[in-house]
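Encoded as structure tokens, the structure appears first; notes follow it.
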Amino acid sequence: MMLEHVLVLSAYLFSIGIYGLITSRNMVRALMCLELILNAVNINFVTFSDFFDSRQLKGNIFSIFLIALAAAEAAIGSAIVSSIYRNRKSTRINQSTLLNK
Amino acid sequence: MDLPGPIHDFLLVFLGSGLLLGGLGVVLLTNPIYSAFSLGLVLVCISLFYILSNSHFVAAAQLLIYVGAINVLIIFAVMFMNGSEYYKYKDFNLWTVGNGVTSLVCTSILVSLITAILDTSWYGIIWTTKSNQIIEQDLISNSQQIGIHLATDFFLPFEFISIILLVALIGAIAVARQ
């Protein structure tokens, strides 16, 4: 597998994740774009570990840690979104002004 | 994985097109449930990529945790909270000035990253790192090596990640409870 192709794919995923994170008005869609960014980082870890460090596998271990952190982030994020939805009846980002009162 | 050349290339093109279309679908589809399913497609394609690059344990972990847990949680969140709101705010997916500026910035980031990737000579780096690399035992498999590293070198981060997962789950339950 060519190294550059995978790196270009992960750069594409990263930039489209940042685009969606900035422009989305729905909090759940912002969470999905965060998952895209973390997956781009994970692809880079795994391919560099495969190409440069094929016996030591430290990149694979770091990607496993990143997957666990992403699981924690998804649980916390959806809990926060559900509590905001319970208070505001909406999940739009520009309507979550609970600190304003 | 050591596949013959045309099958490998076909799989690579197939997975790459799946990634491109799925990534566009996550951002551009108007209904959030469709973008959640397209996120699932992207995650499955990334897991097949990991299988192609010889790291089977990470592929299995990706398939179990991302597709099985995180994506189901996101779909559950979308179904739980997005009932009538999508129809009420039909107009908030219009193309505004901010979207144009953001797409310009992200395209410039992508182009600069691609030029930086294509300018770097990766194979020189491969030859300098392959020479002074410690050769471990060839007989044990990939996931066995990951297990050995997790139990010896990375023991403290492993315990920390378990504590972080426990604290995150307790915090999520405490926040989401009535």
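As the structure is a computational prediction, the values presented were derived from the model and not from experiment. Quick note on labels: first sequence line is chain A, next is B, and so on, each numbered from 1.
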Next item on the list: Flag the pair A:F65 / B:L150 as yes when at least one side-chain heavy-atom distance between them is below 4.5 Å, and no otherwise.
Entry: yes
Next item on the list: May I ask you to test the B:S35-A:R29 pair for a side-chain heavy-atom distance under 4.5 Å?
Entry: yes
Margin query: Checking A:N44 now: which residues fulfil side chain to side chain donor-acceptor pair (under 3.5 Å) with it, not counting sequence neighbours?
Written below: A:S10
Most contacts with chain B, counted as non-hydrogen pairs under 4.5 angstrom, among [options]:
{"options": "A:I64, A:N39, A:N42, A:L13", "result": "A:N39"}
{"options": "A:A70, A:S24, A:C33", "result": "A:A70"}
{"options": "A:L21, A:L31, A:V81", "result": "A:V81"}

So which part of [X] gets closer than 4.5 Å to some heavy atom of chain B, the side chain, the backbone, both or neither?
{"X": "A:S82", "result": "both"}
{"X": "A:L9", "result": "side chain"}
{"X": "A:F45", "result": "neither"}
{"X": "A:I61", "result": "side chain"}
{"X": "A:I43", "result": "both"}

Can you tell me which portion of [X] sits under 4.5 Å from chain A's heavy atoms? Options are side chain, backbone, both or neither.
{"X": "B:A174", "answer": "neither"}
{"X": "B:F76", "answer": "neither"}
{"X": "B:L20", "answer": "both"}

Next item on the list: Please confirm whether the backbone N or O of B:A176 pairs with a side-chain atom of A:R86, one donor and one acceptor, at under 3.5 Å?
Entry: yes
Note to self: Quick check against the 3.5 Å criterion: does B:S47 have a side-chain atom that pairs as donor or acceptor with the backbone of B:L43?
What the structure shows: no
Atom pair [atom1] ([X]) and [atom2] ([Y]), whose distance is rounded to the nearest 0.5 Å:
{"X": "B:L48", "Y": "B:Q62", "atom1": "CG", "atom2": "CD", "answer": "10.0 Å"}
{"X": "B:I33", "Y": "B:M79", "atom1": "CD1", "atom2": "CE", "answer": "4.0 Å"}
{"X": "B:C106", "Y": "A:F14", "atom1": "SG", "atom2": "CZ", "answer": "9.0 Å"}

In terms of heavy-atom pairs under 4.5 Å with chain A, which of [options] leads?
{"options": "B:T120, B:D9, B:D153, B:L24", "result": "B:L24"}
{"options": "B:I146, B:L118, B:I109, B:I173", "result": "B:I146"}
{"options": "B:P157, B:G98, B:A61", "result": "B:P157"}
{"options": "B:L113, B:L15, B:I114, B:V26", "result": "B:V26"}
{"options": "B:T107, B:I117, B:V42", "result": "B:I117"}

Check: Is the distance between the ring centroids of B:F154 and B:F158 under 6.0 Å?
Finding: no
Using residues 67-74 of chain B as the side-chain source, report each donor-acceptor pair under 3.5 Å to any protein atom, sequence neighbours left out, with the distance given to one decimal.
none

